[in-house]
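Chain A is the first sequence line, chain B the second, and so forth, proteins listed ahead of strands; every chain is numbered from 1.
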Protein chains: 2
Amino acid sequence: MSRSRAGKGRGTGRATLEEVARLAGVSTMTASRALSRPQLVSDATRAKVERAVLELGYVPNRAAQALASRQSHVIAVLVPSLSNAVFTAVLDGIQDAVEASHYQLLIGNTHYSDAEEEKLLRTYLQSDPDGILLPGLSHSPEVASMLETLRVPVVAMMDLAETPSMLSVGFSQLDAGMALTRHLLGKGYRRIAFVGAQLDERTLRRADGWRQAMTEAGLFDQRLEIMTPAPSTVALGAALMRRVLAELPDADAVFFCNDDLAHGAIFHCQRAGIPVPGRIAVAGFNDLPASSLMLPSLTTVDTPRYQVGYQAASLLLDLIAGKAPAARRIDLGFTLREREST
Amino acid sequence: MSRSRAGKGRGTGRATLEEVARLAGVSTMTASRALSRPQLVSDATRAKVERAVLELGYVPNRAAQALASRQSHVIAVLVPSLSNAVFTAVLDGIQDAVEASHYQLLIGNTHYSDAEEEKLLRTYLQSDPDGILLPGLSHSPEVASMLETLRVPVVAMMDLAETPSMLSVGFSQLDAGMALTRHLLGKGYRRIAFVGAQLDERTLRRADGWRQAMTEAGLFDQRLEIMTPAPSTVALGAALMRRVLAELPDADAVFFCNDDLAHGAIFHCQRAGIPVPGRIAVAGFNDLPASSLMLPSLTTVDTPRYQVGYQAASLLLDLIAGKAPAARRIDLGFTLREREST
DNA sequence: CTGAAAGCGCTTACAG
DNA sequence: CTGAAAGCGCTTACAG
């Protein structure tokens with residue numbers, strides 16, 4: 001009997017499991033079992049405990065559970081952005097997949113910064129997560145070594161790993177970039193510019209795809225490449241379209257690395273009275289909700305971001321549960337949406 | 001000496017504070033102090049502890065900290081949606097405000113559902129949060145009573161409380177709805193429709209504002225109100241615009257409760273060759289990034305959502321720290337953006 | 001400036 | 001099916 005003031009949890013003023021047990025007339029550990037693995041106790045006991053829980057409004061203390069069980073039931077999730085609709089969809093998928101489980105999500109926004117990613121990971125490690133979900137395959141050396149020494153499963157999202165040493169769920173950004181470029185080539189466009197912003201690894205892989213397809217067609221020209229590290233926004237898209245028209249007057253098509261840029265480009269053309277695709281074709285990436293509705297509707301690549309989140313979280317949950325994963329690399333593919341803008 | 005296997009924390013395989021202390025040649029509690037309140041220990045001791053921390057790669061265990069200190073350092077944040085750019089901006093503001101502190105965010109998406117809100121709150125209560133941030137003022141009776149019995153500060157975001165019993169940071173949705181409607185009236189529009197989707201409390205308050213302004217002008221007509229609980233999307237906006245044109249042929253302006261709806265409406269008009277505002281004016285709410293760029297540019301209300309998040313989190317942090325709040329109700333205002341669409 | 005001891009609220013082999 | 005005891009990894013008055 002070590003408790004000093006019986007009858008009241010003193011930390012938070014909330015009922016403790018000990019009080020539940022006392023009220024139910026059982027031991028603390030039986031009360032614990034009645035709640036965590038009810039099939040291990042008799043019906044009568046379970047009923048008594050449940051009644052006591054209700055009466056006291058008992059809420060288990062997660063910190064104590066985590067400490068005692070050495071299981072945090074926490075999954076750390078890192079995304080590069082929340083303003084990018086792609087990653088909010090990924091989060092939706094993760095949340096839905098985790099919904100039924102008792103896992104709690106720790107969601108961090110890295111703002112596309114290696115330094116912030118490292119800082120967040122370091123912070124989340126304090127919570128001793130049972131698993132980690134993060135975007136992409138390339139990380140700073142610090143982050144890479146933290147992930148290696150960790151003993152918990154890590155699943156990379158959005159692109160596919162080259163080596164099976166890393167678990168990944170996504171689709172080939174390279175193939176998608178090639179597919180869109182080939183579509184443009186097939187339509188007869190020859191001077192196809194690539195416009196990239198943010199320059200995260202996904203954008204760079206899409207650029208690789210464009211480069212490869214252009215090279216295959218014997219049409220690659222370094223000058224057709226416009227890259228800026230500025231965040232991808234609709235306004236930037238309008239500005240970059242202006243730049244394409246001014247600096248690359250013979251360009252007959254533009255592959256924007258993201259739909260929001262392409263939206264801005266189309267708005268600029270609407271306003272300037274430049275016919276799309278008559279004067280110049282425009283294509284984007286990700287198929288955001290407005291893309292199919294604007295005038296002209298936007299040719300783009302539909303990406304399975306919700307599914308990426310859902311499947312990545314499901315895979316992680318399996319790994320945490322000790323199940324062998326069906327695959328270490330889940331390719332969810334992509335869909336080319338050919339529309340009016342090309 | 002109760003530890004069975006000295007030299008290794010056995011739970012997670014990670015170094016413990018005890019090992020740090022041993023390596024540094026001090027007591028556990030001195031090691032603890034050296035890390036949490038370094039000014040309380042001598043320089044020499046601090047240096048020894050810091051060296052040991054580095055050598056062992058010590059990461060404090062948050063669960064143990066929370067349990068021992070009865071302070072979770074957790075803030076629970078509830079938002080109704082992540083697909084709505086308004087709330088991702090709110091989250092950005094919250095994250096920035098909390099950045100420097102040691103507080104950790106537990107972010108939950110209620111999907112505009114009272115039931116999910118209650119479930120999330122119940123789950124987050126297990127983590128014994130030091131404070132809570134949530135959208136809006138109206139909640140289910142269950143949630144309201146949970147919030148009341150809680151002993152932690154709660155700050156409501158996005159709208160302003162009528163009574164000072166509740167802390168709130170936002171702006172008057174009612175006033176904003178009135179201001180936009182009056183702008184339309186001032187422009188000479190008379191048959192101004194209101195189109196609301198999702199029907200969350202903010203939309204309903206904006207509708208109240210429209211109703212009030214129309215009544216004042218002697219122009220209120222119930223039939224001008226189109227309300228649907230369906231989620232607000234660009235596609236829905238296009239469909240609702242079609243409906244307005246068909247069902248309310250004499251409407252000369254439409255106030256959409258959200259910019260995404262208004263975007264869809266404008267896309268529909270572009271495609272159908274309907275002049276905006278020539279045939280009908282269109283206004284939105286929130287000033288999303290595309291609004292100033294599309295053709296015509298969209299008249300709307302610019303809302304301080306990032307600031308709402310930032311200020312709400314700052315206020316909460318003050319309250320947690322025991323400081324008396326400068327105000328229990330922070331009005332951040334709104335800005336009417338008059339553009340081409342009206 | 002530093003330490004011994006108790007305790008936060010749970011869970012987990014181990015018995016019976 | 002149920003319980004006594006130890007322990008998870010920290011922090012906190014209280015001494016000195």
Side-chain angles (χ1 to χ4, degrees), chain A residues 1-22 24-49 53 56 58-73 102 126-128, chain B residues 1-6 8-22 24-49 53 56 58-73 102 125-128:
Chain A
M1 177 64 55
S2 54
R3 303 290 306 295
S4 45
R5 302 193 254 151
K8 265 188 198 150
R10 87 168 181 216
T12 60
R14 293 194 324 204
T16 65
L17 188 60
E18 191 184 333
E19 295 167 60
V20 170
R22 196 179 310 133
V26 299
S27 71
T28 306
M29 68 165 306
T30 296
S32 172
R33 259 193 305 246
L35 297 176
S36 59
R37 285 181 294 169
Q39 70 283 7
L40 293 185
V41 302
S42 71
D43 290 356
T45 301
R46 194 184 322 131
K48 280 189 293 184
V49 173
V53 164
L56 296 174
Y58 171 70
V59 176
N61 180 317
R62 244 188 134 91
Q65 288 180 321
L67 191 57
S69 70
R70 299 148 191 79
Q71 263 240 307
S72 64
H73 285 282
H102 281 169
Q126 302 182 345
S127 298
D128 203 12
Chain B
M1 175 64 54
S2 54
R3 302 291 306 298
S4 44
R5 303 192 254 153
K8 266 188 195 149
R10 87 169 183 212
T12 59
R14 294 195 322 205
T16 66
L17 188 60
E18 191 184 333
E19 296 167 60
V20 169
R22 195 179 310 133
V26 300
S27 72
T28 307
M29 69 166 306
T30 296
S32 172
R33 258 193 305 247
L35 297 175
S36 58
R37 286 181 295 167
Q39 71 282 8
L40 293 185
V41 302
S42 71
D43 290 357
T45 301
R46 193 183 325 129
K48 280 188 296 185
V49 172
V53 163
L56 296 174
Y58 172 70
V59 176
N61 180 319
R62 241 188 138 90
Q65 288 181 322
L67 190 56
S69 69
R70 299 149 191 79
Q71 264 240 308
S72 63
H73 284 282
H102 280 169
L125 254 31
Q126 302 182 345
S127 298
D128 204 12

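- Among the heavy atoms of the strands, none lies under 4.0 Å from Ser36(A).
- Annotation: the span from Arg37(B) atom CZ to Gln39(B) atom CD amounts to 7.0 Å, rounded to 0.5 Å.
- Applying the side chain to side chain donor-acceptor pair (under 3.5 Å) criterion to Ser42(A), with sequence neighbours excluded, gives Thr45(A).
- Look at Ser32(A) and you won't find any side-chain N or O under 4.0 angstrom from OP1 or OP2 of dC10(C).
- Between Thr30(B) and dG3(C), a side-chain N or O to OP1/OP2 separation shorter than 4.0 Å is present.
- Spacing between atom CD of Gln65(B) and atom P of dC8(D) amounts to 17 Å, rounded to whole angstrom units.
- For the pair Leu17(B) CG and dG3(C) P, the computed distance is 12 Å after rounding to whole Å.
- Side-chain contact check for Val20(A) versus Thr28(A): every heavy-atom pair is 4.5 Å or farther apart.
- Residue Arg14(B) places no side-chain atom within donor-acceptor reach of the base of dG9(D), judged by atom type and a 3.5 Å distance cut-off alone.
- Residue Arg62(A) is classed as having no contact, given no heavy-atom separation below 4.0 Å to the nucleic acid.
- The side-chain heavy atoms of Leu56(A) and Glu19(A), taken from C-beta on, include a pair separated by under 4.5 Å.
- In terms of the side chain to side chain donor-acceptor pair (under 3.5 Å) criterion, Ser69(A) has no residue partners (sequence neighbours excluded).
- The shortest distance between the side-chain N/O atoms of Thr45(A) and the OP1/OP2 oxygens of dT2(D) is below 4.0 Å.
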Next item on the list: Would you sketch DNA chain C in dot-bracket for me? Only Watson-Crick or G-U wobble pairs with both distances under 3.5 Å count, crossing pairs as [ ], other-strand pairs as |, the rest as dots.
Entry: |||.||||||||.|||
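- Between the C1' atom of dG9(C) and the CG atom of Leu56(A) lies a distance of 15 Å, rounded to the nearest Å.
- In this structure, Ser42(A) reaches the dT2(D) phosphate: one of its side-chain N or O atoms is under 4.0 Å from OP1 or OP2.
- Side-chain contact between Asp128(A) and Arg62(B) is absent, with no heavy-atom pair separated by less than 4.5 Å.
- Arg70(B) places its CZ atom 8 Å from the P atom of dT12(D), with the value rounded to the nearest Å.
- Counting to the nearest Å, the C1' atom of dA13(D) and the CD atom of Gln71(B) are 16 Å from each other.
- Comparing Thr28(A) and Val41(B) by the nucleotide of DNA chain C whose heavy atom lies nearest to each, the residue mapping closer to the 5' end is Val41(B).
- Atom-to-atom, CE of Met29(A) to P of dA5(D) comes out at 13 Å; the value is rounded to the nearest Å.
- Counting to the nearest Å, the C1' atom of dA13(C) and the CG atom of Leu40(A) are 14 Å from each other.
- An OP1 or OP2 oxygen of dG3(D) is reached within less than 4.0 angstrom by a side-chain nitrogen or oxygen of Ser27(A).
- Protein atom CG of Leu35(B) is 13 Å distant from nucleotide atom C1' of dG9(D), rounded to whole Å.
- Contact annotation: Ser69(A) does not reach the phosphate of dC10(C) (side-chain N/O to OP1 or OP2, under 4.0 Å).
- Contact check for Lys48(B) versus Val26(B): side-chain heavy atoms found under the 4.5 Å cut-off.
- Once rounded to the nearest 0.5 Å, the distance linking CG of Asn61(A) with CG of Leu125(B) reads 11.0 Å.
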